[in-house]
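Below you'll find the structure, written out as structure tokens, and then a few comments.
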Protein chains: 2
Amino acid sequence: MSSDNRLSRMLHVLIHMDQREHPLTSDEIARMLNTNPVVVRRTMAGLRDNGYVTSEKGHGGGWKLARPLDQLTLLDVYVALGNPPVFALGLADDDPRCLVEQAVNDGLNEALGKARQLLLDRFGKVTLADLAADFRKRFEAHRKRPAKRVS
Amino acid sequence: MSSDNRLSRMLHVLIHMDQREHPLTSDEIARMLNTNPVVVRRTMAGLRDNGYVTSEKGHGGGWKLARPLDQLTLLDVYVALGNPPVFALGLADDDPRCLVEQAVNDGLNEALGKARQLLLDRFGKVTLADLAADFRKRFEAHRKRPAKRVS
DNA sequence: TCATTTCGCAACCCCTGTTGTTACAAGACG
DNA sequence: CGTCTTGTAACAACAGGGGTTGCGAAATGA
């Protein structure tokens, strides 16, 4: 597992939750994600703390969406996960004495900062409803052409 | 180690190499980077294989720049390091059957792809000479005002 | 009341990739 | 030949996401 899949997984789950009436249990979600319920609870905890989903214990319990998908952006979910690092690339020393390294840091920071900003701006503009709409389009196409296309 | 510091380190070293006449040994470089010579050789190997630096054994040996800094971009160095992953974020499944997950992947891939492209485009436009020029500016400023400024 | 369902959470191990370290071979120079 | 220096293999250290087990607590239903 080289990379952090939490955002991807949470988006996936949230859209499924919107498609269903009843709450989803951690166990059901775990099967969707090919993982196990503890990982699900651990990851969803941030979304719960931010009020995007609610969890209920006992019979008939599980996870429910707390707001419509068009009021939830990818950025909201990303932030709810605790702003995990975007880049695998980093600086050798954040506050170096060497003037050469300071110049290098500034050059890299400018490029990384711009890329990060572009990414997060985009995340902030895309709602989960946008992704769900894309899903519905695929679903319609799939009904008409259920055979596998191998391009 | 949360992130990959090789690019940052190599940029740092290459600019120092340009400031000096004689070859730099792995040992000297290691001291600059607060690491040890084996790490230096391992990391510089990619730059050597791409012809950006040369290495010589024995007395008076070490590492030398093989081309001027204005003919070396950050992208060149990045690629010479083997195109390491840019993002710490990734998809749960690269080729999912679930249509919801496909929609999520497309949404994320678009945002990540654009950010990656912006970053690498920028890397391709900045030469090591640009960073060196920034260093020289800092150096001049430092000579006039050597006292620490704490903002 | 009691059993069952379900979340909450701590504690641990596993995996992957960078970094650090030791050891040794091989080439270059005096 | 002796020393300097790179080249490389092998392995430990470390960090962070992910997986697993175990147990507690709350809600439900009989």
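Just so it is clear: chains get the letters A, B, ... in the order the sequence lines come, proteins before strands, and each one is counted from 1.
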Between the side chains of [Y] and [X], is the shortest nitrogen-to-carboxylate-oxygen separation below 4.0 Å, so that they form an ion pair?
{"X": "B/Asp134", "Y": "B/Arg138", "value": "yes"}
{"X": "B/Glu28", "Y": "B/Arg20", "value": "yes"}
{"X": "A/Glu110", "Y": "A/Lys114", "value": "yes"}

Reading nucleotides 25-30 of chain C from 5' to 3' and marking B where a protein heavy atom lies under 4.0 Å of the base, S where only the sugar-phosphate is that close, and - otherwise, the string is --BBB-

Rounding to a whole Å, what distance do you find between [X]:[atom1] and [N]:[atom2]?
{"X": "A/Met44", "N": "C/dC9", "atom1": "CE", "atom2": "P", "answer": "14 Å"}
{"X": "A/Asp27", "N": "C/dG8", "atom1": "CG", "atom2": "C1'", "answer": "15 Å"}
{"X": "A/Asp4", "N": "C/dT16", "atom1": "CG", "atom2": "P", "answer": "16 Å"}
{"X": "A/Arg41", "N": "D/dG24", "atom1": "CZ", "atom2": "P", "answer": "16 Å"}
{"X": "A/Asp93", "N": "C/dT19", "atom1": "CG", "atom2": "P", "answer": "14 Å"}

Any sub-3.5 Å donor-acceptor pair from [X]'s side-chain atoms to [Y]'s backbone N or O?
{"X": "B/Asp106", "Y": "B/Ala103", "value": "no"}
{"X": "A/Asp76", "Y": "A/Thr73", "value": "yes"}
{"X": "A/Asn105", "Y": "A/Asp93", "value": "yes"}

One should read off an interatomic distance between A/Met17 CE and A/Met10 CE, to the nearest 0.5 angstrom, of 9.5 Å

Go nucleotide by nucleotide along DNA chain C from the 5' end; which of A/Gly62 and B/Val39 gets its closest nucleotide reached first? A/Gly62

Looking at the side chain of A/Ser26, which of C/dG8, C/dC7, C/dT19 is the nearest nucleotide? C/dC7

B/Arg9 has its side chain closest, among C/dG8, D/dG7, C/dT19, to C/dT19

Flag side-chain contact, heavy atom, 4.5 Å: B/Leu65 against B/Leu69: yes

Detail all sub-3.5 Å separations between protein N/O atoms and N/O atoms belonging to nucleotides 10-13 of chain C.
unit_1, atom_1, unit_2, atom_2, d
C/dA11, N6, A/Arg42, NH2, 3.3

